[in-house]
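Count residues from 1 along the sequence.
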Amino acid sequence: MYDVQTASSAAKNATTQQPSRDGLRDPLSDPLKTAQLDTWDEKEEEWTDAADANPNAKFARVQVPHDQKKFNAGVAAGDLSVKGIAQTPFRVIAAIDPKGPVPRKVLKETLGESWSVAKSALATGEPPTGAAKTPSAMVQAKKSMSGMMSKIWEFRQWHHDMILQRTRAALELGKLKDWKAAGSTTLTSDIDVNLKGNGTEDAVREFNSQFTADGWSKEAGVVYDVNVYAMDFMFGRGMAHKDGYLEVQKEGSRQGQKKGGIDDADQAALDQENQEGWAMTKLRIYMTGAEWSAYKAEIIEACPGTKQTSMLAQFADAENKYAAYRTTLTQQMSQGVDHTLTQADAATTSGYDQIQAQAKSAAGTGGDSEEVSIYSSNLIYEAKLNRLTGERAKLEQSISTYDSLVNSDGVALSGEQSGAVAALKSRIDNMLVAIRELVSECALYSNEAYITDGAVNHTVVGLQMGRNIKQSKGETMNAVQENMADVLKEIGRHGHTLGEAAFKSGKYIWRMGDAAKNAGFGSVPGVAGLYEAGYEIANNIKGGKGSDESKHRLSAQKVSDSLGVRGPDALKNKVRKTGMALMMKYNNDIRGGHESDHAETVNKGKH
């Protein structure tokens with residue numbers, strides 16, 4: 001049996017007296033040089049290109065054994081329980097090949113194909129039951145456990161890209177051209193992969209198929225928190241405006257309207273109503289029934305009389321979409337279950353928590369509720385993508401016909417064709433409204449994605465990619481509501497202390513404040529504090545040095561100073577109250593004719 005001492009010896013003997021390329025002695029063979037292995041980059045909110053095999057290695061300048069294959073096999077045959085990992089010398093962990101069998105075996109067998117288990121078992125650094133609790137042993141255990149989590153992280157960076165490469169090879173040329181992965185480089189972060197090509201809906205299904213064929217019994221979102229998404233609302237770099245900002249590229253580029261999008265004003269207004277309905281649906285998911293009722297009542301009461309009808313219609317649309325979402329997901333989770341799923345109290349429980357209670361009921365004793373909810377969502381997502389594929393094919397054909405009948409300005413090539421051109425133009429607008437509605441519906445089932453055009457482009461293109469984009473005030477308000485929903489979500493999940501709640505929700509607090517300022521609502525009480533606190537947490541505290549505990553303390557202090565709150569419930573109420581004030585301001589100043597007006601330019605560095 002390959003034990004810890006054997007592993008340590010193998011690591012040393014394989015490299016003894018071998019100089020490294022930079023002239024230093026091999027750190028694995030010299031305990032005095034291992035300090036350089038103890039630091040790794042944990043930058044927050046980087047835009048990572050998943051096309052590179054492993055762009056963010058956690059271990060810098062590590063020298064590996066000469067017979068890496070033999071070394072990996074030896075470690076893989078040893079004790080890879082959490083306790084065994086905690087007792088393995090850090091230099092052994094550091095020498096493990098992230099593309100070899102060890103990280104895969106740990107993730108698959110030790111951790112039960114669960115990123116959630118990996119985070120709780122390894123990333124916390126807490127010594128497992130039965131491990132020695134002396135100070136030196138606890139330091140050793142924390143280093144080794146965090147080191148193994150880093151190796152699994154590196155494995156994920158390589159492995160999900162490998163599955164994407166297989167996916168592209170299995171599809172027709174052009175269906176999957178490229179992909180971009182957004183996410184933090186911290187050990188516990190998720191990865192959201194946005195696919196590019198003319199068949200990304202097929203690519204999502206093929207990715208899931210390839211992942212299963214690689215030997216995994218659970219979804220990639222469960223195994224290592226990687227989610228792949230079909231094309232949503234991002235269509236190219238956009239078009240530079242003479243005033244220095246970037247106009248966001250929309251779906252449906254055609255002659256006379258290269259920037260894409262809906263041309264007819266009435267259809268554009270309908271689209272804005274649809275998009276707002278989805279943003280409000282997401283908000284409803286993360287509110288309790290009582291919170292939603294109170295929010296709705298106060299918004300309606302404060303709404304100008306002439307606008308109450310349209311506001312009531314928006315709430316009704318959101319409630320209908322929410323009900324359909326809950327029904328569809330419940331039906332899917334009930335498949336193969338011989339009992340009625342548990343229903344949590346709707347008045348005191350958020351929609352999200354009600355769904356999780358149903359997933360737990362469907363999983364049964366000893367089952368994995370996370371797997372049930374993610375698997376069910378993915379099945380619905382794939383089914384809805386089938387419809388989206390067909391609708392986009394029809395749109396492409398209509399645009400092709402339209403482009404053949406008009407010049408570069410979108411004018412009919414002949415008078416005889418003007419009627420056909422007008423009909424096609426109207427049809428394309430109608431199709432775009434329907435497709436954008438379906439894209440948002442699909443996104444609702446794709447785990448943890450933004451679901452409106454406004455929120456997607458504000459966050460990804462404007463803040464993460466750092467491009468100065470211009471959005472409409474309606475789109476900007478949708479970004480406010482979606483990020484407010486995400487703040488409520490994170491506080492609900494991580495509301496044990498103010499510091500944890502602020503740290504986990506910080507980037508959404510910042511984005512909510514940023515979108516509010518873009519809408520021209522920077523003077524609304526609470527907005528400046530949200531922006532200031534969120535910006536500091538998302539851009540400085542998260543990327544800084546120190547333990548999670550110290551970052552939680554700094555985050556708590558920041559929201560206390562900027563927002564005057566003293567606990568997670570107070571933070572939640574402050575965010576909800578500010579969001580309500582923003583909606584009231586929007587109803588007074590924007591709703592009813594100014595939704596398409598330009599908001600201020602998105603600028604990541606503004607204060």
Side-chain angles (χ1 to χ4, degrees), residues 198-201 230-236 238-239 241 247-279 309-310 313-314 316-318 320-321 384-443 451-454 456-457 470-478 590-598:
N198 58 26
T200 57
E201 299 84 9
M231 288 276 284
D232 47 25
F233 296 107
M234 293 192 297
F235 285 82
M239 303 179 69
H241 193 275
E247 288 190 89
V248 174
Q249 185 75 35
K250 307 287 187 181
E251 187 165 8
S253 177
R254 53 200 182 273
Q255 296 282 44
Q257 188 136 338
K258 289 298 184 183
K259 66 179 181 180
I262 300 164
D263 182 56
D264 180 76
D266 290 338
Q267 291 298 309
L270 174 60
D271 175 69
Q272 167 54 32
E273 292 172 4
N274 291 342
Q275 289 287 290
E276 184 177 8
W278 287 113
T309 300
S310 65
Q314 287 294 161
D317 182 41
N320 288 336
K321 286 170 174 171
K384 291 187 179 296
L385 286 179
N386 284 333
R387 182 181 163 201
L388 182 58
T389 299
E391 295 302 313
R392 279 179 161 160
K394 294 175 186 176
L395 175 65
E396 185 178 348
Q397 181 59 51
S398 293
I399 290 176
S400 178
T401 303
Y402 175 82
D403 284 348
S404 70
L405 299 177
V406 299
N407 61 22
S408 59
D409 295 322
V411 178
L413 295 174
S414 71
E416 296 175 347
Q417 297 170 329
S418 58
V421 166
L424 271 171
K425 193 172 184 180
S426 178
R427 185 192 306 168
I428 289 169
D429 278 343
N430 290 338
M431 295 173 80
L432 283 169
V433 170
I435 285 172
R436 286 166 60 82
E437 176 84 339
L438 185 53
V439 168
S440 289
E441 185 180 6
C442 288
I451 63 176
T452 66
D453 185 329
V456 167
N457 280 293
K470 186 81 83 171
Q471 295 184 289
S472 72
K473 291 190 174 181
E475 290 172 330
T476 301
M477 192 61 199
N478 292 339
I590 308 300
R591 189 178 302 282
H594 296 283
E595 292 90 343
S596 62
D597 292 356
H598 270 168

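- Closest approach of I451 to S440, counting heavy atoms only: O-OG, 2.6 Å.
- Distance alone, capped at 3.5 Å, is enough to place a donor-acceptor pair between the Q275 side chain and the D453 backbone.
- Minimum heavy-atom separation, T452 to W278: CG2-CB, 4.1 Å.
- Residues E247 and K258 are not paired through a salt bridge, judged by the lack of any N-O separation under 4.0 Å between the basic side chain and the carboxylate.
- Between the D271 side chain and the Q267 main chain, no donor and acceptor come within less than 3.5 Å of each other.
- Under a 3.5 Å cut-off, the side chain of S418 and the backbone N or O of A412 do not form any donor-acceptor pair.
- Annotation for V248 and K470: closest pair CG2-O, 4.4 Å, computed over non-hydrogen atoms.
- The CD atom of E441 sits 3.5 Å away from the NZ atom of K384 when rounded to the nearest 0.5 Å.
- Considering all non-hydrogen atoms of both residues, E251 and L432 come closest at O-CD2, 3.6 Å.
- At least one donor-acceptor pair under 3.5 Å links the side chain of E475 to the backbone N or O of S472.
- In terms of modelled atom types and a separation under 3.5 Å, the side chain of Q314 and the main chain of E273 share a donor-acceptor contact.
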Item to complete: Applying side-chain contact (heavy atoms from CB on, under 4.5 Å), run through N274 and V433 and close with a yes or a no.
Response: CA-CA 9 Å; N274 291 342; V433 170; 3.7 Å; yes
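- Qualifying side chain to side chain contact (heavy atoms under 4.5 Å, CB included) partners for E595, counting only residues two or more places apart in sequence or in other chains: Q272, Y586, I590, R591.
- Remark: side-chain polar atoms of S404 are paired, donor with acceptor, to backbone N or O of T401 under 3.5 angstrom.
- The distance from the CG atom of L385 to the CD atom of E391 is 13.0 Å, given to the nearest 0.5 Å.
- Looking at D429 and K425, no side-chain N of the basic residue comes within less than 4.0 Å of a carboxylate O on the acidic one, giving no salt bridge.
- Minimum heavy-atom separation, L424 to S398: CD2-O, 4.0 Å.
- D597 places no side-chain N or O within 3.5 Å of a backbone atom of K473 that could act as its donor or acceptor partner.
- Between the side chain of D409 and the backbone N or O of V411, no donor-acceptor pair lies under 3.5 Å.
- When all heavy atoms are compared, the tightest approach of R392 to V439 is NH2-CG2, 3.6 Å.
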